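Proteins come first, then strands; the chains are lettered A, B, ... in the order of their sequence lines, and each starts at number 1. Bear in mind the structure is a predicted one, so any value in this text is a computation, not a measurement.
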Amino acid sequence: MATPRTAISPTREENYPEWYQQVIRAADLAENSPVRGCMVIKPWGYAIWENIQRSLDARFKATGHRNAYFPLFIPLSFLEKEAEHVEGFAKECAVVTHHRLIPGEHGGLVPDPDARLDEPLIVRPTSETIIGAMFAKWVQSYRDLPLLINQWANVVRWEMRTRIFLRTAEFLWQEGHTAHATADEAMAETMQMLDVYADFARTEMALPVLTGRKSPGERFPGAVETFCIEAMMQDRKALQAGTSHFLGQNFARASDIQFLDEHGQRVHAWTTSWGVSTRLIGGLIMAHADDDGLVLPPRLAPAHVVILPVAFKAENPQHVYDWCHALAADLRRVQYGGRPVEVEVDERDIRGGEKSWSWVRRGCPIRLEIGPRDIAQDAVFMGRRDRPASEKVAVPRAEFIDRVAGILEEIQSAIAQRALAFREEHTVRIDSAEDFRAFFTPPEAPDGAPTPIHGGFALAHWSGDAEVERRLNEDLGVTIRCIPPGGGDDEPGTCPFSGRPSPKRVVWAKSY
RNA sequence: CGGGGCGUAGCUCAGCUUGGUAGAGCGCCUGGUUUGGGACCAGGAGGCCGCAGGUUCGAAUCCUGUCGCCCCGACCA
C-alpha cells in the first residue's frame, strides 16, 4: 500500500522551520529543557555527537594536538584584556556574582549579599583568555613551541533567539588553541585545521562545504583573519559549520604570551583558535533529512544496520530471534569507516510497520526485516534510507555480509552527491544588482507564514567595500559567507553595486 | 531586544467571542482478535487549562502582569 503520507508533517516545502523541529522530535535527537534556550540532547542525538567527536579527535591527534581542560569560569578582568573580544562577547555573557544562597525574606532562596564575589566570573563564551593566561606560563622558549592544545567543552552565549542545535544558550564544542613562533607557522596551522574541518565535513558528514575567508565584518572578535566552512541547507540558506582563526599576536599581547627566540629576543607568540560545535548536528539534519525524517550519513550513524525480526507467526519465534542475533554477530565482525559495523536488533513488541518507520525517522542507513520466509531462503529483506521506504529487496545472507560495508559507503556517497547536486543547482553567478535583488527576494507569503524557500548562493563580484556589504545585509538580509581562496576560478570584474573593480567573486547568501 | 502568533492529557488540537462540574483524535496500560508493514474490538489510566494577581457567587473562558515556545527582524557558532 503505497501511502503518500510522509512521516514528518509539515513537509520541508510547507514549513521549513517547523519541519526542522519535527525531525528532531521524530528522530528523538533532543528536546527543549526547562532552562531557557538550553536543550537536552537525547541518547540518539548524543551518540551522533560522540561519533563526531571520535572522528574529529582522531584527526586532531593525527595533526599533533593534545586534549586538555580549562575552567568553565573566567575572571571578568580576563575578558577585558582584548578590546575587540570584549565588544564581541560582553553582550551575551552569563555572570556569576555570588557563591552562596540564603533563605529569602519571602521564602525561597536568594544570593547572600555577604557572599558577593570580589571579582565576578563569567561563564566561558569561548576560552581564548583563560587558555592564553596558561599559555603565558607554559611558553618560555621557542623550544616550547608550537603548543598545540584542544579542549572539548561546553560554552554559554546568552543569545536572544535560540534554535535547537543551531543556536542554543549552552552548546557543546571543541576549541583548538595553538601558539607558534612565527606568523607563517600560525597561518599554516589555521589553514591546516580549516582543511581538517572541510575533510571531516565532506568525508564523514557527507556535507559539501565551501571554504574561504570571512570578510572583516564577519570576523571572530579579536582575530586577524577568520576562515570558515560553509554549507548549503535545504532551504538554500548557508550554515557556517566551522571556523578557524588566525589571531596574529593580538591575544599573545593581551595575555602576555612571550618567549625567547633563538637570538635571545623576547617576542610575542602567534596564536590560532578553531572550533566546531553541536551546530553540526543541525547542519546534518538540514542538509540530509527528508519528509520521512532524519537521514544519517553511515559514517556518523549510531547504528548502521537495524534488524527487525518478524517472528509473530513463526512456528518457532525463538529460532527467528536466534537467527537475527547470529546475523548481528557476523555483521559486527565487518569493519566500516574505521569501526565495527554497529547493529541493533529491535525486539520491541510493537507492530512491524510502526517499528520499521521509527527507524526510518531516526535515519538508520539500513533496515533488515527478517522473518521465517527469509530464513528459509537464507536471505535478508533490506531497506535503505537513501531510497524510498517502500523499496526493499531480498539479499542472500552471505552476500549481504560481504557487501554491507560497500552498501554503507554507497549510501554515504549517495547522500553526499545529492547534497552537492542541490548546492550546485542553487548556486548562480550574478552580475547585476537587479538580478541579485530578484534572486534574494522571497515570493509572497500569507501573514504569519514562514518565508517561502528561495535564494541560494550568489557568486558576485565585490570590491572589498564594507558599505556595500552592510547595505545588502540591511536591505536583503544577505551577507558574504566566504571569500574563496586564491584567485578563485574567475577573472577580475566589477562590483554590480558600487561599480568598483573587483579581484574576484565572493559567495553571498542568507544564513543561519 | 522590537513586531506577530501560541501556551488546555505524552503528542496534535477543540472549547474561550456570549463565565456555570475538562473534551476529541493519536499515543499509553489491560484483555482479546490480528500482523511481510504506519491494524481492529472492548475496557482503563492520565490535566490546579504555563505561572501569579485581579474582577465575579462562580474563571480554561474576562482584565493585568509575568515566564516559555514558534515565526519575522536586529545580533551571533
Reckon [X] touches a base, only the sugar-phosphate, or nothing at all at heavy-atom distances under 4.0 Å?
X       : answer
R157(A) : base
P125(A) : nothing
R373(A) : base
T243(A) : nothing
D374(A) : base
R361(A) : base

Roughly how far apart, to the nearest Å, are [N] and [M] at atom [atom1]?
N      : M      : atom1 : result
U12(B) : G7(B)  : C1'   : 14 Å
C71(B) : G25(B) : C1'   : 27 Å
C6(B)  : U17(B) : P     : 15 Å
U61(B) : C51(B) : P     : 11 Å

task = Report yes if some heavy atom in the side chain of L121(A) is under 4.5 Å from a heavy atom in the side chain of V95(A); otherwise report no.
result = no

note = Judged by nearest nucleotide, the residue sitting upstream toward the 5' end of RNA chain B, P17(A) or F381(A), is F381(A)

note = Assert: residue with more 5' nearest nucleotide on RNA chain B, out of F89(A) and V35(A), is V35(A)

key: Whole angstrom value for the distance that separates P of A77(B) from CD of E128(A)   = 12 Å

request  = Could you state the atom-to-atom distance from NZ of K355(A) to P of A39(B) in whole Å?
outcome  = 14 Å

Tell me every residue that passes side chain to side chain donor-acceptor pair (under 3.5 Å) with [X], counting only those two or more places apart in sequence or in another chain.
X       : value
H319(A) : none
W359(A) : D346(A)
R471(A) : none
H288(A) : none

request  = Classify the side-chain pair S55(A)/R59(A) by whether it contains a donor and acceptor separated by less than 3.5 Å.
outcome  = yes

ask   = Under 3.5 Å, is there a donor-acceptor pair between the S358(A) and R348(A) side chains?
value = yes

Using a cut-off of less than 4.0 Å, is there contact between a side-chain N or O of [X] and OP1 or OP2 of [N]?
X       : N      : answer
R163(A) : C72(B) : yes
R351(A) : U35(B) : no
R25(A)  : U12(B) : yes
N473(A) : G73(B) : no

key: Partners meeting salt bridge (Lys or Arg N to Asp or Glu O under 4.0 Å) with D195(A) (sequence neighbours left out)   = none

query = In terms of ring plane angle, is the pair Y16(A) and W19(A) parallel, tilted or perpendicular, where the classes change at 30° and 60°?
reply = tilted

Looking only at side-chain atoms of [X], point me to the closest of [options].
X       : options                : result
A7(A)   : G36(B), C71(B), G38(B) : G38(B)
T451(A) : G36(B), A77(B), C72(B) : C72(B)
R161(A) : C72(B), C69(B), C1(B)  : C72(B)

query = Is the F246(A) to W274(A) ring centre distance short of 6.0 Å?
reply = no

Pair up each side-chain donor or acceptor in residues 32-40 of chain A with any protein partner under 3.5 Å, not counting sequence neighbours, and list the distances.
from: S33(A); atom 1: OG; to: V35(A); atom 2: N; distance (Å): 3.0
from: S33(A); atom 1: OG; to: V35(A); atom 2: O; distance (Å): 3.1
from: S33(A); atom 1: OG; to: C38(A); atom 2: O; distance (Å): 2.5
from: R36(A); atom 1: NH2; to: E159(A); atom 2: O; distance (Å): 3.4
from: R36(A); atom 1: NH2; to: M160(A); atom 2: O; distance (Å): 3.1

For RNA chain B, the residues among residues 168-175 of chain A that have a non-hydrogen atom under 4.0 Å from it = T168(A), F171(A)

request  = Specify the residues of residues 44-59 of chain A, ordered by number, for which at least one heavy atom lies under 4.0 angstrom from an atom of RNA chain B.
outcome  = none

ask   = For R437(A), does the CZ atom have more than 12 heavy-atom neighbours from other residues, nucleotides or ligands under 6.0 Å away?
value = no

N/O donor-acceptor pairs under 3.5 Å from side chains in residues 42-51 of chain A, not counting sequence neighbours:
from: K42(A); atom 1: NZ; to: D28(A); atom 2: OD1; distance (Å): 2.7
from: K42(A); atom 1: NZ; to: E31(A); atom 2: OE2; distance (Å): 3.0
from: W44(A); atom 1: NE1; to: R362(A); atom 2: O; distance (Å): 3.0
from: N51(A); atom 1: OD1; to: R54(A); atom 2: NH2; distance (Å): 2.9
from: N51(A); atom 1: ND2; to: L300(A); atom 2: O; distance (Å): 3.0

Donor-acceptor pairs are to be reported for all side-chain atoms of residues 219-228 of chain A against protein atoms at under 3.5 Å, with residues two or more places apart or in another chain.
from: R219(A); atom 1: NE; to: V224(A); atom 2: O; distance (Å): 3.0
from: T226(A); atom 1: OG1; to: F220(A); atom 2: N; distance (Å): 2.9
from: T226(A); atom 1: OG1; to: H245(A); atom 2: ND1; distance (Å): 2.8

Grab the N/O contacts between the protein and nucleotides 26-29 of chain B below 3.5 Å, and write none if there aren't any.
none

Atom pairs, protein N/O to nucleotides 43-46 of chain B N/O, distance under 3.5 Å:
none

query = What is the minimum heavy-atom distance between T178(A) and I149(A), and which atoms define it?
reply = CG2-N, 4.3 Å

